[in-house]
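Working notes for the structure below.
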Amino acid sequence: MTMRSPLAPAIRLLRAVSRDSWYRGLIIILTFLFYTSYHLSRKPISVVKSQLHRNCSEIPNPPANISDNDTTWCSWAPFDHANYKQLLGSLDTSFLVAYAIGMFISGIFGERLPLRYYLSGGMIVCGVFTSFLGLGFYWNIHALWYYILFQILNGLAQTTGWPAVVACMGNWFGKGKRGFIMGIWNSHTAVGNILGSLIAGAFVSTAWGLSFIVPGIIIGSCGVICFFFLVEYPEDVGCTPPDQMEEDKGDLENGQVMNSSTENILKTQTETEQDETVGHAEQIEHPQAISFWGALKIPGVVEFSLCLLFAKLVSYTFLYWLPLYIANVAHFDPQKAGDMSTLFDAGGILGGILAGLISDYIGGRAITCTIMLILTAPMLFIYNHFGQTAVSTTVAMLIICGMLVNGPYSLITTAVSADLVSSCQQHNNYLYSAS
């Protein structure tokens, strides 16, 4: 009788992992990939800035028809004038204003549309608008309105990413180790910035149009992947929902799912909407949406929003201006300046994970953010005065600043956001089942 060998080690390992764990792992990978592509596609503008306006006197062997006093002949009009900083700033402003306004609209639509359709469509549209910025190079477009227009459109399209991926993660993961899990997961922001800098830097000195087109193709491809593979809820594939009852003791008084203050706020709104859902009682429905004013009344939303306002102010200043700052102060070429700026994002990865670990250990998101932001203020002054004295100093200061700035930024935009999303969904489910 032929002897049968034991089951292969790799197969035993595969069987040891539960079906739920496989799907949760897939969701982590997919959402990480998707939001990486969002940041990858918004990063190139910061790298290309140093190519749009250059000190042409440093370029050897200029064309014969160029006078010695012309130091902007190699710049890209209309950014070849003395007001180039204001023009470049207008590109950032147009994107960020559109992004801020779009976030209000995006949150409303994101709660009412299937996440898979919303996210995949958003990524494809982002890819198109990002590519149009790069096509300005090949079409030889020098009109400022063209670049502002597509910065506005891209800013609106970019808002489809964050609410959708956070909601999806909140659907799949409970609160137990959410700070640590999402601290690691939120490194997609820094990874996207790093990849965006490297990809844009690879083309910026030769054909800066590709610095936009290649990221545009990448995010568009991720949109196609999202359409075919994303699973919004564990129940959709027969997986066990996360144990979202794992909350602070104050959230479980008298058998209620949420703390009394949040429940009272949402109960008023939900009672007005119950008449609309009675006729659909026999259907399986996902949690209903909450209004904008209802969201503002949830404890912690306003406080953490204000905290994120200032953290994001600093983070986006580095995001959009750090490569140009390094190029002007340290006199690096555009590619090297872009590569050096990735150290800030590398520090952000460490800061996000560290903030998540600390918040899980001490059980306090707010105190973790407070301490890191207090340490950030003096560190930024130190970097401004001593950051460019030597390459080693620049490297160390960028990493430390990245940790302190992006640590609370990461914590608020991931674990805190998912906590609030889950709390709303839990309460809506509770009241819906009670009705």
Side-chain angles (χ1 to χ4, degrees), residues 1-40 114-117 119-120 123-124 161 164-196 198-199 214-215 217-246 284 286 342 345-346 348-361 410 414-415 418 422:
M1 184 175 179
T2 305
M3 292 183 61
R4 299 177 62 180
S5 63
L7 197 61
I11 302 302
R12 290 203 302 271
L13 178 62
L14 292 175
R15 293 183 62 185
V17 180
S18 67
R19 184 170 181 271
D20 284 10
S21 297
W22 280 115
Y23 272 104
R24 282 180 167 80
L26 175 65
I27 294 302
I28 289 177
I29 293 172
L30 287 179
T31 52
F32 185 96
L33 174 65
F34 297 155
Y35 208 68
T36 294
S37 67
Y38 272 95
H39 263 263
L40 182 149
L115 292 178
R116 182 167 62 90
Y117 297 158
L119 193 56
S120 59
M123 283 190 283
I124 292 173
V165 296
V166 170
C168 191
M169 285 290 288
N171 294 338
W172 279 88
F173 294 92
K175 291 186 178 181
K177 295 296 180 183
R178 183 173 280 173
F180 175 64
I181 291 173
M182 289 202 158
I184 297 175
W185 175 76
N186 192 57
S187 62
H188 53 47
T189 299
V191 171
N193 290 340
I194 291 171
L195 292 177
L198 296 177
I199 292 173
V214 173
I217 293 173
I218 292 174
I219 189 174
S221 301
C222 288
V224 176
I225 295 173
C226 175
F227 180 83
F228 284 104
F229 291 99
L230 183 66
V231 182
E232 299 176 28
Y233 296 91
E235 301 89 333
D236 293 345
V237 288
C239 290
T240 305
D243 185 12
Q244 296 180 333
M245 303 296 290
E246 191 178 303
I284 297 176
H286 293 309
T342 61
D345 298 300
I349 296 176
L350 299 176
I353 296 173
L354 181 62
L357 280 171
I358 294 174
S359 69
D360 281 342
Y361 180 75
S410 168
T414 53
S422 297

Any side-chain heavy-atom pair of [X] and [Y] under 4.5 Å:
X      : Y      : value
Leu40  : Ile219 : no
Cys239 : Trp172 : yes
Cys168 : Leu230 : yes
Tyr38  : Leu119 : yes
Trp185 : Val165 : yes
Thr189 : Thr36  : no

key: Leu195/Ile218 under side chain to side chain contact (heavy atoms under 4.5 Å, CB included): CA gap, chis, key distance, verdict   = CA-CA 11 Å; Leu195 292 177; Ile218 292 174; over 6 Å; no

key: Inter-residue atom distance Asp20.CG - Thr240.OG1, 0.5 Å rounding   = 4.0 Å

key: Point-to-point distance, once rounded to the nearest 0.5 Å, from OG of Ser359 to CG of Leu354   = 9.5 Å

Give the minimum heavy-atom separation between [X] and [Y], together with the two atoms involved.
X      : Y      : value
Cys226 : Ser120 : SG-N, 3.8 Å
Met169 : Ile28  : CE-CG1, 4.2 Å
Phe32  : Ser187 : CE1-OG, 3.3 Å
Ile124 : Gly220 : CG1-O, 3.9 Å
Met123 : Cys222 : CE-O, 3.6 Å

inquiry  = Tell me which one of Asp345, Thr342, Leu198 satisfies side chain to side chain contact (heavy atoms under 4.5 Å, CB included) with Asn193.
reply    = Asp345

ask   = Quick one: does Glu232's side chain have a donor or acceptor within less than 3.5 Å of a partner on Arg116's backbone?
value = yes

task = Take Asn171 and Ile27 through the side chain to side chain contact (heavy atoms under 4.5 Å, CB included) test and state the conclusion after the steps.
result = CA-CA 10 Å; Asn171 294 338; Ile27 294 302; over 6 Å; no

